[in-house]
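Here the structure comes first, spelled out in structure tokens, and everything after it is commentary.
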Amino acid sequence: MKKILMMAVIAASVAGCSSIETAESMPNPDQRVVDSRLNISTDLNATYCEGKGFEKYMEREKYYTFTCKDGAFFNIAK
């Protein structure tokens, strides 16, 4: 679970990129990892941000806080 959440956090930081841009910009990417992170980011974006994208995220002691571009935010426990 922690691994999936960590991937979500990392994916949130690249949420604005397409999978092709991300794969090409990373040195020697493992395509499965890149796809997995983007899939998680896409799911979070669709579920919580209505597809508008992420503005930022913060790591806290017990959870991650994601802020959508429209100002809405949500927390995911670590």
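No hydrogens, no waters, no symmetry mates; every other heavy atom, side chains included, goes into these values. Counting from 1, the numbers follow the sequence of the chain as shown.
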Shortest non-hydrogen pair, Asn45 vs Phe54, comes out as N-CZ, 3.6 Å
Quick check on the hydrophobic clustering: are Ile40 and Tyr64 connected, directly or via other members, by side-chain heavy-atom contacts under 4.5 Å? yes
Please confirm whether the backbone N or O of Cys49 pairs with a side-chain atom of Lys69, one donor and one acceptor, at under 3.5 Å? no
Which residues share a salt bridge (charged side-chain N to carboxylate O under 4.0 Å, His left out) with Lys52, sequence neighbours left out: Glu50, Asp70
Taking salt bridge (charged side-chain N to carboxylate O under 4.0 Å, His left out) as the test, write out the residues that go with Asp43, two or more places apart. none
For the atom pair NZ (Lys78) and CZ (Arg60), what is the distance rounded to the nearest 0.5 Å? 10.5 Å
Ile76 CD1 to Glu59 CD distance, which is reported to the nearest 0.5 Å: 12.5 Å
Non-neighbouring partners of Tyr48 that pass ring pair (Phe, Tyr, Trp, His ring centres under 6.0 Å), sequence neighbours left out: Phe74
